Amino acid sequence: MGELDGAATAWILAATSMVVLMTFGVAFFYGGLVRRKNVASMIALSLISLFIVSIQWAVIGFSLSFAPSMGGVVGGLDYVLLRGIGMEPLEGTSIPGVLYAAFQMAFAAITLAILTSPFAERAKLTGFIAFGLLWTTLVYDPVAHWVWGGGGLHSIVEGLTGATPIDFAGGLVVHTASGFSALAVALVIGPRLGFEESHIPPHSIPLTMIGGALLWFGWFGFNAGSALAADGLAGNALLVTHLAASAGAASWALASWSHGRPGSLGMISGAVAGLVAITPAAGFVGPMDSLVIGALAGLASYKALAWRLDRGLDESLDAWAIHGVSGVLGSILTGVFAREDIGGVPGLLEGNPSLLAAQVVDAVIIIVYSLAVTLAIARLVDGLIGLRVTPTEEYVGIDISQHGEEAYR
Amino acid sequence: MGELDGAATAWILAATSMVVLMTFGVAFFYGGLVRRKNVASMIALSLISLFIVSIQWAVIGFSLSFAPSMGGVVGGLDYVLLRGIGMEPLEGTSIPGVLYAAFQMAFAAITLAILTSPFAERAKLTGFIAFGLLWTTLVYDPVAHWVWGGGGLHSIVEGLTGATPIDFAGGLVVHTASGFSALAVALVIGPRLGFEESHIPPHSIPLTMIGGALLWFGWFGFNAGSALAADGLAGNALLVTHLAASAGAASWALASWSHGRPGSLGMISGAVAGLVAITPAAGFVGPMDSLVIGALAGLASYKALAWRLDRGLDESLDAWAIHGVSGVLGSILTGVFAREDIGGVPGLLEGNPSLLAAQVVDAVIIIVYSLAVTLAIARLVDGLIGLRVTPTEEYVGIDISQHGEEAYR
Amino acid sequence: MGELDGAATAWILAATSMVVLMTFGVAFFYGGLVRRKNVASMIALSLISLFIVSIQWAVIGFSLSFAPSMGGVVGGLDYVLLRGIGMEPLEGTSIPGVLYAAFQMAFAAITLAILTSPFAERAKLTGFIAFGLLWTTLVYDPVAHWVWGGGGLHSIVEGLTGATPIDFAGGLVVHTASGFSALAVALVIGPRLGFEESHIPPHSIPLTMIGGALLWFGWFGFNAGSALAADGLAGNALLVTHLAASAGAASWALASWSHGRPGSLGMISGAVAGLVAITPAAGFVGPMDSLVIGALAGLASYKALAWRLDRGLDESLDAWAIHGVSGVLGSILTGVFAREDIGGVPGLLEGNPSLLAAQVVDAVIIIVYSLAVTLAIARLVDGLIGLRVTPTEEYVGIDISQHGEEAYR
Amino acid sequence: MMKVEAIVRSEKFEAVKRALEERGFTGMTVYEVRGRGEESGIELEYRGHVIRVDLLPRVKIEVYVEDDRVGEVVEAIMEAAWTGQPGDGRIFVLPVLEAYRIRTRERINSTGPGGSGGPGGRGS
Amino acid sequence: MMKVEAIVRSEKFEAVKRALEERGFTGMTVYEVRGRGEESGIELEYRGHVIRVDLLPRVKIEVYVEDDRVGEVVEAIMEAAWTGQPGDGRIFVLPVLEAYRIRTRERINSTGPGGSGGPGGRGS
Amino acid sequence: MMKVEAIVRSEKFEAVKRALEERGFTGMTVYEVRGRGEESGIELEYRGHVIRVDLLPRVKIEVYVEDDRVGEVVEAIMEAAWTGQPGDGRIFVLPVLEAYRIRTRERINSTGPGGSGGPGGRGS
Ligand SMILES: Nc1ncnc2c1ncn2[C@@H]1O[C@H](COP(=O)(O)OP(=O)(O)O)[C@@H](O)[C@H]1O
Ligand SMILES: Nc1ncnc2c1ncn2[C@@H]1O[C@H](COP(=O)(O)OP(=O)(O)O)[C@@H](O)[C@H]1O
Ligand SMILES: Nc1ncnc2c1ncn2[C@@H]1O[C@H](COP(=O)(O)OP(=O)(O)O)[C@@H](O)[C@H]1O
């Protein structure tokens with residue numbers, strides 16, 4: 001067991017709280033983007049993600065992700081029901097075991113919340129809950145195990161490329177996995193009624209902005225917390241996180257400006273794209289790198305969004321275009337910009353092409369796995385329970401039909 | 001004096017900020033639940049609670065709660081005007097005295113804010129202010145003294161039951177006291193006009209959800225902060241707090257599902273019930289215990305709400321059903337689930353029935369005291385100043401009649 | 001280089017996050033105060049402030065403010081592109097250099113956000129961006145350098161008065177500079193269409209209150225974070241910050257009560273006034289002093305607001321009346337109440353009139369500089385690009401005309 | 001066919017809806033308005049000042065109905081909306097010249113305005 | 001009795017209300033609408049593109065009034081709402097056949113539509 | 001002059017607006033309402049319970065138009081708003097006695113109600 005570091009514990013107590021708040025950030029971000037008849041439902045989907053994943057995590061998820069590996073595929077059952085997780089630090093960490101479990105739990109929860117995007121305005125409640133539990137267990141937990149839990153993916157990638165892939169705070173585990181899974185769900189669940197005919201406008205930009213504010217704030221806990229220490233690396237993560245968000249907001253604003261007017265929704269979307277892209281990189285790159293990464297992410301997600309609209313794809317709230325695309329981009333750029341003096345690993349610009357190769361291979365594997373398994377889960381649940389309400393219920397709105405509520409009076 | 005612990009101080013600086021934010025959480029949680037003509041007033045009642053209690057606390061409240069005891073009944077006047085509270089730790093703590101006073105101040109403030117529930121949509125401003133100052137002084141401060149300030153209640157209970165009752169973060173002091181006091185106020189102030197005739201629906205579920213998000217976030221400061229350290233106990237408190245909230249949300253959702261549809265308001269109410277119930281227990285029980293405690297709290301508060309609606313009782317925003325009932329339940333369950341290896345005290349399941357007895361007796365005393373004294377204060381203020389606006393003012397709305405404002409345009 | 005202090009780092013990681021969140025607090029505070037047709041724009045102005053200032057800061061702002069001085073006027077170019085700022089503490093601090101830069105960056109960003117007040121409901125986007133970049137570079141950065149960066153102003157003032165002026169967390173740098181600059185902008189940009197004819201009411205008090213909540217919360221990071229340590233001084237700063245806010249809310253409420261009804265907007269405005277006034281004082285005065293400072297600030301800003309309305313001045317959201325006036329007042333009162341046993345500097349009440357003189361002279365210099373340079377920048381931008389949209393665009397609303405968005409549906 | 005416009009207290013709306021339903025009038029269109037009657041609002045006294053709150057929230061209910069059933073609609077609303085206090089609201093009846101159901105593209109009014117027969121023929 | 005429907009600029013609403021009050025018309029019902037007139041909205045030029053903002057916020061004021069006072073109401077509104085710019089709004093007068101006050105359950109219109117006398121008798 | 005009141009599905013509003021524009025009717029006033037028709041709402045079955053969602057959001061469009069063009073307006077709306085499903089909405093035509101344009105202070109209706117000529121003279 002490691003020795004407990006009070007300062008690290010103080011910071012991770014705060015950081016965990018901030019990451020939990022991010023799930024509400026997703027709730028409000030998404031909630032503002034749907035029509036008023038579906039806002040309570042949209043918020044509820046994130047809230048449900050928070051509580052069902054947390055319970056799943058305590059029961060089995062933490063163990064599947066972080067217990068000693070079963071053949072490199074998934075964690076064993078040693079930590080089921082959080083057995084053996086106590087107030088002392090786990091091996092290799094310096095914060096209490098219970099706090100480490102809680103910090104990681106918040107990551108698992110927000111990942112499913114991000115994935116509520118393609119369920120927007122049409123989710124059948126029972127179907128979503130079943131899907132969510134299966135997805136967390138079969139996609140999130142194994143992927144987290146491979147990347148962070150000592151799972152076998154990294155040794156495979158290392159064998160192929162000669163370098164161990166790196167993911168500081170979850171660019172692949174959280175954002176790429178949820179983003180590409182959102183794409184898969186969108187294909188199964190189908191577009192909203194009326195999506196092809198007319199633009200479905202957001203009902204409350206202020207609500208989305210409140211969500212964006214909580215996301216930006218919480219992301220400091222997410223990225224700088226991933227240092228698991230209150231040290232220079234955490235400080236670096238915080239600074240680059242903020243700069244990438246800023247650059248993403250700026251580049252999206254400029255991109256949309258060249259085609260029309262720069263909307264406030266575009267700016268906050270660009271900021272989120274920047275935050276996503278810096279997530280895998282935050283402990284490996286410096287401030288100037290983060291400006292470049294953030295700016296490229298804003299552009300990439302802007303283009304991805306335009307592309308999916310052109311294709312008539314109703315991945316409604318752009319988990320794919322923002323989290324999926326910028327998550328992959330950030331992981332790859334980590335391989336480009338990584339600096340030895342920051343995170344101990346040199347990247348392409350410091351003459352190490354194998355890291356870039358490792359990052360690309362890692363991303364491809366996780367994309368393929370997420371797409372394939374999510375397609376299977378979504379089809380299964382759709383067949384057995386149904387992922388989607390009836391057209392009448394959709395027409396009336398999910399708030400009334402699934403929750404018996406009206407959001408505003 | 002204790003020695004200053006930098007890590008503990010770092011965490012309590014953040015935690016205090018978070019607990020102050022919770023009072024705004026109550027403001028928005030309650031604000032969304034009333035009609036639009038009363039939302040500014042509802043938010044203002046929490047804001048007023050925050051600033052009048054804070055001033056009262058600096059002047060006299062901290063002293064009445066935490067200064068050396070006057071006969072076990074209430075704190076003495078040693079700390080009036082915060083005399084003698086400086087940058088060094090107080091005896092037995094390791095954070096600056098001023099920070100300790102600030103942390104406790106935030107608890108006092110939110111307690112009155114919770115108690116604004118039965119004033120909803122009918123409070124006379126002057127009456128509420130007078131009530132609030134009296135209540136904080138005559139109910140909150142003595143109760144805090146008994147439980148945390150070295151007051152005499154605990155030795156009485158110990159005499160009766162052979163065990164010292166425990167309340168980690170205020171299940172009795174904050175939630176039970178305010179919840180049962182809310183019941184007393186509801187009896188004196190009477191139901192809102194039109195309450196009997198038709199259901200009064202919430203005007204903004206998103207606003208309530210924003211409040212709920214801030215509460216959930218802040219509660220980590222509340223409970224894990226109550227460790228007054230950045231250590232394993234704080235980490236445990238954080239984890240069990242989150243799990244109890246999750247279980248409460250889930251159990252309320254299931255309970256309401258069996259009668260109709262599971263609303264988003266139900267889920268967040270269940271989460272709050274879980275948070276309340278784990279409050280006294282957070283430093284004494286483990287993660288699996290917290291799932292049980294949270295789930296039971298969700299059910300209990302759900303039933304309590306249904307019961308008070310059946311009885312036609314307009315304790316409007318359910319401070320009693322949620323904070324009162326789950327506060328008591330959590331205190332009692334602390335006596336059941338307490339684990340020696342976590343908080344140093346064994347509970348019923350570890351073969352120590354006397355702790356349970358102590359918890360029950362403690363709860364009963366605080367319920368009776370809160371009800372009796374609050375009834376007296378409410379009657380007094382109602383007679384002298386009036387707790388309630390005129391029917392015409394109520395009809396027009398409190399925003400216009402008491403604040404001269406319209407909340408939305 | 002200083003030695004890294006983990007506890008200080010833990011706290012400043014949290015505090016920096018909180019100060020970043022404050023910029024969103026300004027966004028929502030201001031957003032609620034405008035008409036619905038301009039709310040997305042109002043929020044966007046703060047968001048734009050956040051990201052353009054952050055980029056400017058990384059590129060050149062931090063260097064202009066904090067690099068070794070060029071003749072006492074402005075920082076040199078040593079830290080351009082954050083060169084040399086790494087994970088080790090800078091001289092005289094004990095937190096990572098990157099974190100120090102990030103913390104200070106958040107201050108620069110919110111200062112411009114405060115200054116969006118006179119742009120409300122009429123800002124031309126291009127004009128605002130140009131103005132913002134110039135203003136941050138020509139006003140904020142030099143002023144920050146003079147006061148905090150070892151610049152020459154203080155030695156001049158010291159020469160004149162015999163004492164070094166003090167500004168704990170930015171009463172002058174942040175609030176006075178932005179508040180008086182807002183006045184200058186208001187004079188150049190002119191009143192909103194219809195301002196003279198009829199009162200322009202806020203469209204959402206709850207949104208403003210959400211902003212106020214985030215401000216109050218974040219201010220703990222702002223003021224207690226300015227201790228750059230997790231110690232007694234930080235604890236003191238937190239406590240006095242909260243008490244001053246409370247006293248400001250109370251005094252504004254009472255002042256408005258004597259003329260009519262005490263509105264919720266008045267209370268939160270008074271709280272902000274109290275927070276502003278305690279900002280320069282937070283590390284130098286005690287709790288009882290802060291009650292007086294906060295109460296006076298509430299009154300002063302209340303009067304200032306009434307005065308500017310009487311004068312028909314459309315400094316629309318009262319950056320001047322609240323931040324400008326209470327910023328100056330707080331700086332001066334710091335000279336009155338400073339206590340040697342808290343911050344090491346005695347004030348007037350401890351028999352040291354020269355500190356008061358220094359505070360007054362410092363304030364006057366910064367007011368004059370801010371007014372003069374801002375007038376010049378505003379005129380210049382207005383001439384070259386235009387600060388203001390056309391009357392037709394203003395009539396339609398800035399959301400549609402500048403951002404192509406509708407905030408609510 | 002005629003149009004009945006009723007302006008009622010918001011809190012009475014549910015009762016009015018039920019009363020109409022009971023008599024078989026399910027069709028209706030409603031929206032929120034603000035209004036005042038002859039008393040020109042409500043006065044609130046406050047520390048010497050009097051403020052007048054003049055536009056209070058009301059619900060406006062519109063029911064299009066055949067001429068011969070107008071009386072029933074008026075009566076149903078009148079009863080359900082009544083409290084006897086100032087502010088109970090008003091009911092107005094306006095003539096309708098033509099009426100169409102979009103789904104069936106048919107004209108649905110049997111008569112013109114004022115029950116006097118009129119230009120419209122029966123649609124269905 | 002007649003119904004006067006006026007669609008005016010939101011920012012002129014207070015002035016209209018005052019003008020009506022001054023002439024003794026306190027009763028009114030108002031709500032927010034969006035509309036456009038013949039110019040079909042406002043054009044904003046923007047980097048080459050033109051966007052047309054076609055539905056602008058307006059306030060709709062409805063006043064039910066005895067036939068012989070319609071002219072006064074129309075005039076009061078017309079004066080107070082005028083700016084001379086496109087978008088000032090319109091006023092329409094519609095006939096009302098019957099009118100009731102719910103509180104007193106009485107019929108309150110003295111005449112039918114168009115000032116020509118009509119089916120309604122005086123209620124009070 | 002007449003007043004056409006149409007209650008249509010919210011999601012059809014853009015189409016209706018376009019259809020009217022194409023035929024040269026730019027003037028309109030719109031607002032959001034909630035309503036139900038004869039089917040008295042939509043029934044949702046839920047674990048044995050049935051809940052009836054009775055008031056669904058609709059958009060109400062008001063177009064004031066000269067008598068001789070009423071048919072065109074009705075037809076344009078009817079076509080654009082149609083889906084064939086319950087809930088497509090209704091269109092009603094009411095008589096207008098007088099009409100004024102505030103900006104020019106002129107009376108703008110050429111005829112009275114029902115196309116029968118009437119008290120109003122041509123304003124412009
Ligand atoms: N002359 C009028 N014109 C338009 N609306 C009216 C008129 N008189 C009353 N109303 C509407 O009816 C509502 C109730 O009227 P009120 O005068 O308060 O009731 P009462 O019938 O008791 O006098 C008002 O709020 C207003 O919306
Ligand atoms: N033909 C019409 N039908 C319905 N509403 C109309 C019509 N013409 C104008 N309006 C309403 O009147 C408002 C003002 O009309 P507008 O044409 O802008 O004024 P003007 O009288 O200057 O032409 C519009 O926003 C719309 O609500
Ligand atoms: N009798 C009526 N009175 C008032 N409004 C009506 C009436 N009938 C229908 N409406 C309005 O028209 C809308 C559409 O009507 P609905 O009955 O759903 O369509 P359909 O024409 O298919 O029967 C309703 O939501 C309601 O607003």
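All values derive from a computational prediction rather than experimental measurement. Residue numbering restarts at 1 for every chain, and letters A, B, ... go by the order of the sequence lines. The figures that follow rest on heavy atoms only: side chains count, while hydrogens, waters and symmetry mates do not.
For a residue to count as touching a neighbouring chain, one of its non-hydrogen atoms must lie under 4.5 Å from one of that chain's; by this rule B:Ile43 touches chain C with the side chain only. In this structure, no portion of C:Ile12 lies under 4.5 Å from any heavy atom of chain B. Residue C:Leu207 does not touch chain B at all, counting heavy-atom pairs closer than 4.5 Å. Contact annotation for B:Met18: both backbone and side-chain heavy atoms come within less than 4.5 Å of a heavy atom of chain C. Proximity to chain C (any heavy atom under 4.5 Å) is restricted, for B:Ile129, to the side chain, taken from C-beta onward. When heavy atoms are compared at a cutoff of 4.5 Å, B:Leu4 approaches chain C solely by way of its side chain, counted from C-beta outward. Only the side chain of C:Pro287 has a heavy atom closer than 4.5 Å to any heavy atom of chain B. Using a 4.5 Å cut-off between heavy atoms, B:Phe28 contacts chain C through its side chain alone, with no backbone atom that close.
Atom CE of B:Met87 is separated from atom CG of C:Leu233 by 5.5 Å, given to the nearest 0.5 angstrom. Here the OG1 atom belonging to B:Thr126 is positioned 6.0 Å from the CH2 atom belonging to C:Trp257, to the nearest 0.5 angstrom. Remark: C:Ile205 CD1 to B:Asp399 CG distance equals 6.5 Å, nearest 0.5 Å. For the atom pair NE2 (C:His242) and CG (B:Leu50), the distance works out to 4.5 Å, reported to the nearest 0.5 Å.
The nearest pair of heavy atoms linking B:Leu82 to C:Leu243 is CD1-CD1, 4.4 Å.
Looking only at distances, a side-chain donor or acceptor of B:His403 sits under 3.5 Å from a matching main-chain atom of C:Pro262.
Put simply, the side chain of B:Leu47 reaches to within 4.5 Å of the side chain of C:Met209, judged on heavy atoms.
For the set C:Ala14, C:Ala10, C:Ala229, C:Ala249, the entry with the most heavy-atom pairs within less than 4.5 Å of chain B is C:Ala249.
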